There are 2 protein chains.
Amino acid sequence: MAWDTAGTRRRLLDAGARQFAARGFAGTTMDALSRDAGVNKERVYAYFGDKRGLFGAVLADRLGGLLDGAQVEGTGPAAVGAWAGELFDRYRRTPDLARLLAWESLELDEAASADHRAATCRDRATHLRAVLPGLDAARAQHLLLSVVTLVTGWWTLARLGDVVLTAGAGADPDDAADARRAALVAQVEALARAT
Amino acid sequence: MAWDTAGTRRRLLDAGARQFAARGFAGTTMDALSRDAGVNKERVYAYFGDKRGLFGAVLADRLGGLLDGAQVEGTGPAAVGAWAGELFDRYRRTPDLARLLAWESLELDEAASADHRAATCRDRATHLRAVLPGLDAARAQHLLLSVVTLVTGWWTLARLGDVVLTAGAGADPDDAADARRAALVAQVEALARAT
DNA sequence: GAGAACTCCAAACGATCGGTTGGAGAGACG
DNA sequence: CGTCTCTCCAACCGATCGTTTGGAGTTCTC
């Protein structure tokens, strides 16, 4: 059997993302993680120092590109609503992303790769001001934060959704997600319109 | 020294709320919890069965009355915005509440005391329809969910706020909370107006 | 007031935690 | 080929985990 250092590293990051997203930092055990990765747990210490080091690496790996590729297309409130819908779809494809964000906030004192992410957010906020003329910088940031909070919240405050949404509550979670997506797009559009 | 069963029980619930809010279910140890409560940890098993039982009891104790007392006063979008501000202030006084909500969503498969909370939410949603004429049932629920998500998100997705908000970012977290509160009230008002 | 019933705690339980060690095997270089 | 370095793993380490036990002290019942 040959070496595969890059592959081993990536398998640990992937398994870390799965495990940390599902169970959080405290809830994840090194045994389960290494079993998931198909790699001996000693490798974690060789590559990432310790458990916390892997956690930080996973967060930086996954959260760094959170807003990459998801840019507002076009102009006007409807474009902002559509962008929120895209963000929602992205979470739907990879729900781990949203949960990692939540664990980061709850279990860490400061954001992973904060500088890079802050720069991305500044870029998105200024772009938002181009899409919605007359929006000042502070309000653009708060709008951005609210959109991300609303969309992320569906995955990270899931029990809240269970409790609040009982009208037309089909047993199918997919239907609930569809309905929520539609409601969010409309609400974000309304937020964007109130400039 | 006399007995104080009600007091012991309450001390465990209070310490449980503090510990679980700060560190989550997996991150909380029975030793730290009993030390915090000033009670022997064996008492947890006598009163609540096991660690998970205490967790459920704490959630039911704190989350059951989450929306109690916070009712929309008056009519029209401005009233809804003011209500969101009140909810924000409540979290500000007891941030444990918001974090407990987040841990519940991340670490449990179903909501604690779901029936009672669902009933309260239905009540709040219908009340919302009285405050905002012309709002249908489904949209009222989604509005309710969005308001609670937005307000709760400030405390449960705190790292997100760190990254997104850099404009006029005074080092004082209190100032950031003030600014966020003002932005949220305005945004919720806009959401309520778009009916 | 004797004994049952209950509260509470110190100490200990096996299991599992994050982290380490020693060595077997695979490439690099001469 | 010999040797040195690096990857990888099985087995192990002390510490700590959630939970239980035995018993001392307190209130209730008759």
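Here the structure is a predicted model, which means the values were calculated and not measured.
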* Out of D:dT7, C:dC9, D:dG18, which nucleotide sits closest to the side chain of B:N40? -> C:dC9
* Give a yes or no on whether the backbone of A:T28 and the side-chain of A:K51 come within a donor-acceptor separation of less than 3.5 Å. => yes
* Structure fact -> Sorted by position of nearest nucleotide on DNA chain C, 5' first, the leading residue of B:T8 and B:K41 is B:T8
* Asked: Is the backbone N or O of B:A21 less than 3.5 Å from a side-chain atom of B:R99, with the two atoms forming a donor-acceptor pair by type?
  -> yes
* Among the candidates D:dC17, C:dC8, D:dT7, find the nucleotide nearest to the side-chain atoms of B:D31. => D:dC17
* **Qualifying residue for side chain to side chain contact (heavy atoms under 4.5 Å, CB included) with B:V39, from B:L12, B:V44, B:L33** => B:L12
* State whether the side chain of B:T149 and the backbone N or O of A:L150 hold a donor-acceptor pair below 3.5 Å, judged by distance alone. => no
* When you check the phosphate oxygens OP1 and OP2 of D:dT7, does a side-chain N or O of A:Y47 lie under 4.0 Å from one of them? -> no
* Structure fact -> Ranking C:dC9, D:dT19, C:dG19 by distance to the side chain of B:R43, first place goes to C:dC9
* Looking at every strand, decide which applies to A:S34 at a 4.0 Å heavy-atom threshold: base, sugar-phosphate, or nothing. => nothing
* Residue-phosphate contact under 4.0 Å: B:Y45 side-chain N/O, D:dT21 OP1/OP2 -> no
* Nearest to side-chain heavy atoms of A:E42, which nucleotide of C:dC9, D:dG18, C:dT20 -> C:dT20
* Identify which nucleotide among C:dG19, C:dT7, C:dC9 has an atom closest to any side-chain atom of A:D50, counting heavy atoms from C-beta outward. => C:dG19
* Between A:T5 and B:M30, name the one whose nearest nucleotide on DNA chain D is closer to the 5' end. => A:T5
* Would you indicate what A:V44 reaches in the nucleic acid, counting non-hydrogen atoms under 4.0 angstrom: base, sugar-phosphate, or nothing? => nothing
